Each structure stands twice: as structure tokens, then as C-alpha cells.
Amino acid sequence: MRRDRSGMWGMSGISHVAASTVLAVTASLGVAACGTESGGADLTEISGKVTWWDTSGGAEAPFFNQLVAAFEKKYPKIDVTYVNVDFFEAQAAYLKAVQTGTGVPDVLRADVGWMAGFVEDGHLADLTGTPALGGEDDFLETTTAGVTFDDRTYGVPQVTDPLALLYNKRLLEEAGVSRVPATWKELKEAALTVKRETGADGLALNTDAYFSLPFLHGEQTDLIDPDVSTISIAGPDALRGVSTAADLVSSGAARKPPEKDAYGAMQTAFKRGEVAMVINGPWATADVFEGKEFEDQRNLGIAPVPAGSSGKAGSPTGGHNLVVSQSSADIEAAQVFVGFMTAPEQQESAAVELGLLPTRKTAYSKRVLSDPVRNSFYFAHTKSVPRRSIPESAALFAAYEPHWTAILRGEQTPQEGLTETAEKWKDDLLPGYRVER
């Protein structure tokens, strides 16, 4: 789930890459010349027109646009129209297009949280056994859980986004903190030490409800348990995890987040050296390195999110999948396009060029893992928890976020905020569920 609020592009219109960039991109990707890929069929003979809505940010979109040109060079009978769509507008725009039957893209870069709803409503084509999905065993297990429904596959994982603890090595060293916090308790102690010894704040937290998940997973719980139709957000384990987060702020270990744009405030403070630690994903590192505090990139440390009282650490598995619309007029061409864009070679190149985290095991080459940032996030990914996606996922987060914000700002107690969240979910979104108390 992409949460970078600083670099998203709006609807940028339609574009094709100039031919002069194609050769360079093709060479850098190591794209094979052969077009025979699916059971001996020559996929280069497939023709059609494909419109792709790409929801990547401003730092990533040019690379993917170039990748489209490399695809068109390899598959000359398939014409791709590239459209960059603001991530935060894409879900609503896609649903509107489907409802009106106008302008539905053949391929969409979909957040993992959108999948269940799209599948339930019949918007996505089944990709099982198609050219879109080559080498299924090559994908990380945490990424395939979000695209598989009733043993059928409706999307191909393109990038995964675990959260991790990002820290300023200089500030921790200056404060005399010699060990990277491995638990929330250790993080609180380290943050208070940083504040006392350096004057910088120890930690900044984000009010986006997605960022509450490491605190829940550290207590071996989640928002809901769909297997037994239970809302667990107000249960004792969730209350313990969220109380840990609230205590970080009330104790002074973490600065009080602003009511609006907490993500931007967190990033700015971290880049300036005003705060020593944040919880964020791999997408944030390009922005972090633009800050004066990280001109020397070696000053950035990355570790798995801290563990809770259970002794377990757990980052949510965010990320994006490429999906094909059920209504696509050239569905076979769209499948070939998805297969190309998510192949190991392309994922490896995207990782090297953009710092993204691949979803394919074979994409973690020496070239990828030689970079300390990607290597660290790959290790952080080993502590990740597969997402439990249901059609109501986006609405659940939307209803929860005001309460998570109020809890962090000390305007509601954890018990009050979580109870109100659970009751609203049951009344408005999950009437058949029981509430764990």
C-alpha cells in the first residue's frame, strides 16, 4: 500500500516514449529477443491495443513509461497507451469507469487492498494459466496471498512494500544508543534517550491507519479475522498494541503528530535531523536521501519494525499488483503485457533503478541485494504478515483513521477509539461479524 503523499502525480494524460530511449531501456533490462514464452506459442504474433493505468509516483513513472516502450519494441503488434493516474484517485476513477462503461483501462496497477472488492464485484479477469502469470512458484508467498481467491489468480504482484524502522545513525550514536531497538519497549527507551541527549525528538508516527498495523501484529492480532467473522480491533490484544503506540506519544518518546499531513511532517522532520526514527516503507527512501541529514546515504539505518509484547514483529505486506479488466477488448494482449511487466528481468531493473522491492525471488540478484537499502528492506520483509484482504478493506481503514489519529494525539483513549471503530464497522460495514471485547 503506497503511502507517499509527497510525490504522487495527478492524471498526466496519454504518452508514448520517444523512440530514442527505447534501445537504452531495452539494453538495461536485458529483455530477451525471443517472443516464444507460453507453451511454445509465439506471443509476438498477438496483436491488440492496451491502455495501462499506472499509479506509481513521480520518481517512478518515467521508468515505467520507458518500460512500456521496451515492451512495444519486443511486441510490435501490441500498442500500449500509458496513463499515469494519481494513486489516491485511482480506485474511485476505476470504479466510475466500470460503472459507466467508459474509459475502463485494460490493465491497472492496483493496491493490494483493492483486490478483494474488485474480484467480488466481477471487475477483474481470471489470469490463472495465462501468459500474465509465468513462474508462479517464483513469487514471494506473502505477495500471492493478496491475488488468489478460491484458488484462482486475479492479479500479478509487481512490487511489495513492507514497513520498517528507519533511523538516523548519527543521532543514535550521538545519544549513546548502541543497539537498534528490536522491541517497542526498547524503542521508547532509545527515543527518550535521544531526546534527552541531543534535543531531537526520538520518534515520529504517522496518523494513517495503515501504520497502526505493526503495533497490532506485534501482539499477534489484526483488524479483523474473516475466517471466524470477528472484528478484533477492540479486543485485548489490539488494545495492548494501540496503547503501546499511544504511550510513545504521551511519554514524550514520540512527537505529537499534526492532525493533517502527518506523513509529510514526519518525512520533513526526519530529513532535517529533527527526529531520529520513523516507521516507513521502501518508497520513502528516495525522498529521505534528498534531505540534508542524509546527503551521506550511509547515515540511514533500516531495521525490521520492533516486536510487541508477544516477542513477535510484524509488518503489513503492502504493494501493488497488475490486474486485467474483465471487460478488456484485447484481453490476450493485456495478459502478455502484464507478464512482461512483472517478469524477473523487469523487477530486477526496477529495483536497481528505483529502489523498489521485487515480488519474485529470482529478482533478488547480487545486483539488487548489493544495495544496503534494498538488502535491509528484504530482511525487513521476512518479518512481514500477509494482508487479510476483504472487499470492505478500504472502507475499514477510512472509518478507523479518525480514531487512530485522535488516539495518537491524545484526544481519545485507545479503548474509546477502538470501541467506536469496532461498533461503526459492525453497524455500517460488517453486520454479520461479532465484536471481540
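Keep in mind that this is a model prediction, so the values were computed, not measured.
- Between the side chain of D371 and the backbone N or O of V352 there is no donor-acceptor pair closer than 3.5 Å.
- Under a 3.5 Å cut-off, the side chain of T55 and the backbone N or O of F87 do not form any donor-acceptor pair.
- The CG atom of D54 sits 8.5 Å away from atom CG of N65, with the distance rounded to the nearest 0.5 Å.
- Side-chain contact between I233 and T221 is absent, with no heavy atoms from C-beta onward closer than 4.5 Å.
- In plain terms, the two heavy atoms of G218 and S310 that are nearest each other are O-OG, 2.5 Å.
- Remark: E348 engages R367 in a salt bridge, criterion side-chain N to carboxylate O under 4.0 Å.
- In this structure, T244 contributes its side chain and R240 its backbone to a donor-acceptor pair below 3.5 Å.
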Exercise. Can T342 and T359 be said to form a side-chain contact (heavy atoms from CB on, under 4.5 Å), step by step?
Worked result: CA-CA 9 Å; T342 57; T359 60; 6.0 Å; no
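- Defined by atom type and a distance below 3.5 Å, a donor-acceptor pair is present between the side-chain atoms of T362 and D138.
- One finds no salt bridge joining R152 and D150 here, because no Lys/Arg side-chain nitrogen approaches an Asp/Glu carboxylate oxygen to under 4.0 Å.
- Side-chain contact between L205 and F215: present, with at least one pair of heavy atoms (C-beta onward) separated by less than 4.5 Å.
- Put simply, the side chain of D208 does not reach to within 4.5 Å of the side chain of W404, judged on heavy atoms.
- E174 and T198 form no side-chain donor-acceptor contact under 3.5 Å, judged by distance and modelled atom types alone.
- Side chain of S384 to backbone of P316: no donor-acceptor contact under 3.5 angstrom is found.
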For this session: Could you give me the CA-CA distance, side-chain angles and deciding distance for L166 and L300, then say whether side-chain contact (heavy atoms from CB on, under 4.5 Å) is met?
Result: CA-CA 7 Å; L166 277 56; L300 176 65; 4.1 Å; yes
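- Nearest heavy atoms, A97 versus T100: O-OG1, 3.3 Å.
- For the atom pair CG of L67 and CE of M341, the computed distance is 4.0 Å after rounding to the nearest 0.5 Å.
- With D121 contributing its side chain and H123 its backbone, the two residues share no donor-acceptor pair below 3.5 Å.
- Residues N299 and E293 meet the side-chain proximity criterion, which asks for heavy atoms closer than 4.5 Å.
- For A313 against V305, the heavy-atom pair with the smallest separation is CB-O, 3.2 Å.
- Side chains of S309 and E219: a donor-acceptor N/O pair is present below 3.5 angstrom, by distance only.
- When all heavy atoms of M277 and L172 are compared, the closest pair comes out as CG-CD1, 4.3 Å.
- Taking the side chain as every heavy atom from C-beta outward, W114 and Y94 never approach each other to under 4.5 Å.
- What you find for A164 and A303 is that their closest heavy atoms are CB-O, 3.3 Å.
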For this session: List the steps, then state whether side-chain contact (heavy atoms from CB on, under 4.5 Å) holds for T128 with L133.
Result: CA-CA 7 Å; T128 309; L133 195 66; 5.7 Å; no
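- How far CZ of F377 is from CG of L357: 8.0 Å, rounded to the nearest 0.5 Å.
- Under the 30°/60° scheme for interplanar angles, the aromatic rings of F71 and F337 are found to stand perpendicular.
- Of all the heavy atoms in Y364 and P358, the pair that sits closest is OH-O, 2.7 Å.
- Within 6.0 Å of the CG atom in D227, the count of heavy atoms belonging to other residues, nucleotides or ligands exceeds 12.
- When side chains are defined from C-beta on, D106 does not count as touching S325, because their heavy atoms never get closer than 4.5 Å.
- Between L369 and R374 there is no side-chain heavy-atom pair separated by less than 4.5 Å.
- Distance check: E136 CD to R360 CZ gives 9.5 Å after rounding to the nearest 0.5 Å.
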For this session: Carefully, step by step, assess L223 and F397 under the rule side-chain contact (heavy atoms from CB on, under 4.5 Å).
Result: CA-CA 9 Å; L223 304 174; F397 278 111; 3.7 Å; yes
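- Interatomic distance, NZ of K260 versus OG1 of T405, reported as 11.5 Å (0.5 Å rounding).
- When the shell of 6.0 Å around NZ of K383 is examined, it contains 12 or fewer heavy atoms from other residues, nucleotides or ligands.
- For W184 (side chain) and A245 (main-chain N/O), no donor-acceptor pair under 3.5 Å exists by modelled atom type.
- Other residues, nucleotides and ligands contribute over 12 non-hydrogen atoms within 6.0 Å of the NZ atom of K361.
- Distance CE/M115 to CZ/F149: 5.5 Å, rounded to 0.5 Å.
- Although no hydrogens or angles enter the test, the distance criterion places no donor-acceptor pair under 3.5 Å between the side chain of Q297 and the main chain of F289.
- No side-chain donor-acceptor contact under 3.5 Å links T230 to the backbone of S232.
- Taking the six-membered ring where the residue is Trp, F270 and F294 present tilted rings, their angle falling between 30° and 60°.
- Residues L430 and I390 form a side-chain contact, since some pair of their non-hydrogen atoms from C-beta on lies under 4.5 Å apart.
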